[in-house]
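Both counts, for ligands and for their atoms, begin at 1 and track the order of listing.
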Amino acid sequence: MAHIVPGVPTSSGTHFPKHYAMSQWNEDHLRFEADVFELEVIGEIPSTIHGAFYRVQPDHAFPPKFAETEIPLNGDGNVSSFYIKDGHVDFKQRYVKTPKLLAERQARRAVFGRYRNKYTDEPLVRDVLKGTTANTHVVFHDNKLMALKEDAPPMEMDPITLDTIGNIDYHGTLRCPTHTAHPKADADTGELVCYGYEAAGEASPDICSFTVDKDGRITEEVWFQAPWPCMIHDFWVTENWVVFPINGLKASLEQMKNGGDHFYWDETLDHQLLGVIPRRGAKPEDAKWFRTPQGVYSHTINAYEEGGNLVLDANVWTDAHFPFFPNSKGERFFTDPAKVTSPILRYRFDPKGSTDTMVQPEDVHVRGVNEFGRIDDRLLGKKYSRVWILKVDPTHPVRLNNHEFAAPNAGFNTLVCYNFETRELQSYRHGDDSTFQEPVFVPRHEGAAGEDGYLLILADRYREGRNVLLLFDALDITRGPIAEIKLPFKLMDGLHGSWVDGKEVEAARKASAARKAEEE
Ligand SMILES: C=Cc1ccc(O)c(OC)c1
Ligand SMILES: [Fe+2]
């Protein structure tokens with residue numbers, strides 16, 4: 001890809017300062033690309049499991065330009081794959097070769113500035129290259145592996161080699177300049193339901209909601225405006241509706257132009273909104289805005305329709321969930337982390353009903369701090385029962401040794417499986433020195449019943465300073481892992497990932513080999 005900007009002056013040395021908002025586990029930027037053939041496996045991986053687990057970690061390739069106020073969300077996307085077949089596992093990790101990474105490799109230093117603020121990029125690259133990091137999710141659709149960041153179009157990677165191929169424009173049909181990192185795949189239709197926010201420019205309230213069909217072309221598109229511009233990180237999709245959470249993490253063009261952050265937390269806001277549009281044939285004037293109580297929407301869990309109502313599930317933060325962004329007074333880290341929780345709430349309301357009264361949560365299903373929930377993706381938008389989610393159990397702080405704690409808070413030391421129907425809650429901790437990264441669900445076999453399968457989850461093992469990939473029977477996590485797949489090193493805490501069935505990986509392998517042959 002010809003993205004390199006000529007004439008960028010190079011640096012004289014590289015040193016990562018330690019004083020920006022990283023957890024202890026993430027203090028070291030690991031920055032490696034790796035291949036490990038045949039990972040060590042303790043226990044047994046059922047031979048029926050065939051496929052690949054892809055995930056991404058933000059991993060600063062160079063020391064940030066503005067280290068004092070740098071935030072972890074600005075690391076360069078470094079994608080890992082675990083390919084599993086016949087009980088064997090191979091590992092691979094490659095950076096997404098974004099225009100930003102290539103330009104910075106050429107300069108051997110950061111030339112892009114703050115998180116999503118082009119006004120802080122160096123003039124040589126500002127307005128020339130998009131500084132996207134492709135660091136938030138990896139999703140497979142239409143035979144393509146897409147590395148996603150919500151400020152830019154997807155970047156395509158070869159699912160086998162993890163080589164970066166280029167931008168995806170959905171066969172020329174993509175018009176929105178931004179693209180969510182949390183698109184929703186409909187298992188029945190093969191569609192990918194997507195949106196972009198700040199779609200009409202930085203800090204614009206414009207949302208572009210669109211649907212990509214199974215062959216990778218956009219079939220539905222509608223543009224409309226939210227009441228205010230904010231971080232719309234995730235959303236809900238059902239058979240007939242699309243719902244956008246509107247929170248108080250507001251975008252400010254003025255703040256960006258002053259060299260500040262992209263977002264600020266509006267601590268004066270006493271409510272949030274749910275924006276509802278029809279999934280098919282929507283017109284801008286169809287958008288309806290329902291008020292809901294104070295809190296912060298970030299990740300969703302799932303949604304479905306029942307008796308004409310929408311049922312929406314999410315963990316909802318009680319206060320600013322990204323404390324590194326300033327509030328409206330310019331203060332950072334203004335909340336007491338011990339007081340902020342993220343309970344799992346369920347909402348139920350009629351999308352055709354009146355927006356006059358505030359939509360209250362129907363129920364608080366799980367209290368405490370819960371994040372990174374995943375479902376059996378085949379049930380997305382449909383009636384379902386279980387979420388697998390990480391939880392902070394403050395009574396079991398993660399230990400480095402007998403008298404030293406790894407972190408002031410306990411971290412995501414607990415994996416939970418919660419059943420909304422039976423209200424059964426299973427939980428599991430992996431020893432006293434481990435936290436977890438986001439899990440992913442693996443169907444037991446083709447055609448297996450909904451929620452019948454396995455769970456793959458990375459554990460950060462503090463004492464050994466390495467990661468293990470744990471395989472659970474998803475229906476009984478209390479039994480502990482069936483297999484422990486050992487990495488010979490540690491990974492950084494990642495964000496999101498996907499399980500891709502072996503048949504799709506093999507189809508992609510053929511496409512990859514053909515591409516390689518063409519190049520030679
Ligand atoms: C977890 C949420 C989240 C939200 C916005 C981001 O840019 C991001 O980058 C890694 C992550
Ligand atoms: Fe996310």
Give the residue, atom name and distance (to 0.1 Å) of the protein heavy atom nearest atom 11 (C) of ligand 1. L73 CD2, 3.7 Å

Basic-acidic side-chain contact under 4.0 Å: E220, R279: no

heavy-atom search around atom 6 (C) of ligand 1 in the protein gives Y115 OH, 3.3 Å

Within rounding of 10°, what is the angle whose vertex is the Fe ion (ligand 2) and whose arms end at NE2 of H233 and NE2 of H299? 100°

Using distance alone, determine whether E150 and ligand 1 share an N or O pair under 3.5 Å. no

Check the orientation of F325 and F322. Use parallel for under 30°, tilted for 30 to 60°, and perpendicular for over 60°. perpendicular

Hey, is E451 close enough to R386 for a salt bridge, meaning N to O under 4.0 Å? yes

For N135, the ligand 1 atoms whose distance to one of its heavy atoms is below 4.0 Å: 9 (O), 10 (C)

Aromatic F420 / basic R346 pairing, under 6.0 angstrom, 45° off normal: yes

Heavy atom under 4.0 Å from ligand 1: found in F322's side chain, backbone, both, or neither? side chain

Does the structure place the NZ or CZ of K250 under 6.0 Å from the centre of the six-membered ring of W228, at an angle of no more than 45° from the ring's axis? yes

Exercise: identify the closest heavy-atom pair between V276 and W241: CG1-CE3, 3.6 Å

Backbone, side chain, both or neither: what part of L495 comes under 4.0 angstrom of ligand 1, heavy atoms only? side chain

Working to the nearest 0.5 angstrom, can you tell me the gap between D266 CG and C230 SG? 10.5 Å

Residue and atom name of the nearest protein heavy atom (relative to atom 2 (C) of ligand 1), distance in Å to one decimal: H233 NE2, 3.2 Å

Looking at ligand 1, is there an atom of it that comes within less than 4.0 Å of some heavy atom belonging to R116? no

Would you say the side-chain atoms of Y115 and T133 include a donor-acceptor pair closer than 3.5 Å? no

Quick one: angle H182 NE2 - the Fe ion (ligand 2) - H496 NE2, to the nearest 10°? 90°

For ligand 1 and K149, I'd like to know whether there is a polar contact (N/O to N/O, distance under 3.5 Å). yes

